[in-house]
Amino acid sequence: MNNRAALDIDKIKEGPIPRHIAVIMDGNGRWAKTRGLPRTAGHQKGVARLKEFIRVATQLGVEYITTYAFSTENWKRPEKEVDFLMDLFEKVFLEEVEHFNREGVKVNIIGNKNRLPSAVKKRVEEVMDVTKGNSRIVVNVALDYGGRFELVNVVKEIAQKLLDGELDLTDVDEDLIGGSLYTKDQPDPDLLIRPGGEKRISNFLLWQLAYSEVYFSDVYWPNFKKNELLSAVYEFQQRERRFGGLKGSGGE
Ligand code: IPE
Ligand code: IPE
Ligand code: MG
């Protein structure tokens with residue numbers, strides 16, 4: 001899998017490219033620990049990796065990335081680490097706006113924005129507004145995001161419409177639910193990448209990942225360089241997606 005030809009970006013571009021890649025940026029703390037550094041150093045390093053990931057994905061022709069930055073469960077972490085992460089998000093959304101605009105990145109923050117500190121909320125709104133005209137790639141940043149939280153909100157929204165008589169029970173179908181998610185109007189992820197060695201979903205995109213190909217890597221996120229992403233896409237290209245159909249049927 002790791003031969004040079006397979007990892008050549010132009011060669012990979014000759015094969016099918018996932019339109020949407022989801023990534024769980026995991027392993028920051030352990031990366032730092034192996035270097036005798038505080039966990040926060042891993043988070044810091046993770047930002048540079050995300051920029052590189054977006055750049056390479058854009059070169060490949062990927063249209064959407066959804067990246068898990070902070071889960072609804074991550075509030076359980078020590079206050080110092082949560083505060084560091086919130087400060088980091090605030091700083092990155094401020095400092096990287098120009099970079100995102102240069103690279104044609106439309107940033108879309110998904111999650112429970114109401115729980116974020118007001119300074120982060122402000123930056124989130126700004127970065128979404130300032131980058132909204134960009135069209136090379138859409139990057140959904142999942143911040144205070146949980147798949148269950150997202151679905152609970154969809155259920156509430158639909159239930160309210162049913163109660164108000166705006167919807168009929170027969171209107172409730174997969175399209176209505178899919179179209180009520182944060183990722184409405186976007187294709188579901190073709191590929192989920194989880195670096196960091198854990199083999200679980202951790203409450204990420206529970207609805208959207210129904211038929212995604214999954215790629216686990218032991219490499220910690222701060223070490224997940226260009227070649228790691230190319231390896232993931234190369235492996236994706238070797239898979240056969242069947243969507244419940246039969247081999248060779250292309251899922252039809
Ligand atoms: C992922 O890295 C970043 C966030 C969850 C914010 P971790 O902080 O989970 O790093 P590990 O898994 O402890 O190594
Ligand atoms: C998932 O990583 C969340 C993010 C990367 C933001 P975690 O480190 O929180 O996941 P668990 O706790 O190992 O499942
Ligand atoms: Mg982790």
Side-chain angles (χ1 to χ4, degrees), residues 19-26 28 43-44 46-55 57-58 62-77 81-154 156-157 178-189 192-194 201-209 221:
R19 289 187 69 195
H20 186 168
I21 298 182
V23 58
I24 300 176
M25 304 185 287
D26 194 29
N28 295 353
H43 299 317
Q44 192 92 47
V47 176
R49 278 298 156 247
L50 179 59
K51 284 171 70 177
E52 182 182 30
F53 189 96
I54 295 170
R55 184 172 49 75
T58 307
V62 173
E63 296 165 68
Y64 303 88
I65 291 172
T66 302
T67 181
Y68 210 0
F70 194 89
S71 74
T72 47
E73 288 72 34
N74 287 148
W75 296 107
K76 292 182 207 157
R77 294 192 178 195
E81 182 167 344
V82 171
D83 287 349
F84 178 89
L85 284 164
M86 291 301 145
D87 287 347
L88 185 66
F89 298 138
E90 186 189 340
K91 188 165 156 273
V92 169
F93 294 135
L94 178 69
E95 290 178 358
E96 300 299 337
V97 163
E98 278 316 306
H99 171 82
F100 293 138
N101 278 342
R102 262 199 314 278
E103 306 258 315
V105 178
K106 178 175 173 172
V107 180
N108 182 37
I109 314 289
I110 64 172
N112 183 4
K113 298 192 188 83
N114 292 329
R115 287 207 298 201
L116 297 172
S118 57
V120 178
K121 231 165 103 177
K122 188 163 168 274
R123 294 284 169 247
V124 158
E125 277 152 21
E126 271 170 21
V127 76
M128 286 175 67
D129 187 52
V130 175
T131 64
K132 68 176 182 233
N134 297 334
S135 57
R136 274 190 87 193
I137 191 163
V138 174
V139 176
N140 302 313
V141 181
L143 206 58
D144 193 11
Y145 173 89
R148 288 183 173 180
F149 172 83
E150 179 177 32
L151 290 170
V152 166
N153 281 334
V154 169
K156 281 187 184 165
E157 194 186 303
S180 306
L181 300 167
Y182 295 124
T183 50
K184 58 172 173 273
D185 307 324
Q186 300 182 9
D188 286 337
L192 168 70
I193 300 176
R194 182 166 190 156
I201 301 297
S202 301
N203 201 13
F204 195 35
L205 302 175
L206 296 178
W207 177 278
Q208 297 90 330
L209 293 175
W221 173 251

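Keep in mind that this is a model prediction, so the values were computed, not measured.
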Point-to-point distance, once rounded to the nearest 0.5 Å, from [atom1] of [X] to [atom2] of [Y]:
| X | Y | atom1 | atom2 | value |
| --- | --- | --- | --- | --- |
| Q208 | T183 | CD | OG1 | 3.5 Å |
| Y64 | K106 | OH | NZ | 8.5 Å |
| D26 | N28 | CG | CG | 7.0 Å |
| I21 | I65 | CD1 | CD1 | 6.5 Å |
| F70 | L116 | CZ | CG | 8.5 Å |
| E81 | K76 | CD | NZ | 13.5 Å |

Would you say [X]'s side chain and [Y]'s backbone share a donor-acceptor pair under 3.5 angstrom?
| X | Y | result |
| --- | --- | --- |
| T131 | V107 | yes |
| E90 | R123 | no |
| Y145 | L205 | yes |

Show your working on side-chain contact (heavy atoms from CB on, under 4.5 Å) between Q44 and K91 and close with a plain yes or no. CA-CA 11 Å; Q44 192 92 47; K91 188 165 156 273; 3.8 Å; yes
Under the salt bridge (Lys or Arg N to Asp or Glu O under 4.0 Å) definition, can you give me all pairs with a residue in residues 112-122, not counting sequence neighbours?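 Found R115-D144, K122-E126.
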Measure the shortest side-chain to side-chain distance between [X] and [Y] over non-hydrogen atoms and say whether it is less than 4.5 angstrom.
| X | Y | value |
| --- | --- | --- |
| L192 | F204 | yes |
| N140 | Q186 | yes |
| E98 | R102 | yes |
| N108 | Y182 | no |
| W221 | I24 | no |

Pick from I110, N112, N74, I109: which one makes a side-chain contact (heavy atoms from CB on, under 4.5 Å) with L143?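 The side-chain contact (heavy atoms from CB on, under 4.5 Å) with L143 is passed solely by I109 among I110, N112, N74, I109.
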Of the non-hydrogen atoms in [X] and [Y], which two are nearest, and what is the gap between them?
| X | Y | value |
| --- | --- | --- |
| I137 | V62 | CD1-O, 3.4 Å |
| Y68 | M25 | O-CE, 3.3 Å |
| A69 | V141 | CB-CG1, 3.9 Å |
| L181 | E150 | CB-OE2, 3.4 Å |
| N203 | R148 | OD1-N, 2.9 Å |
| H20 | P187 | ND1-O, 2.7 Å |

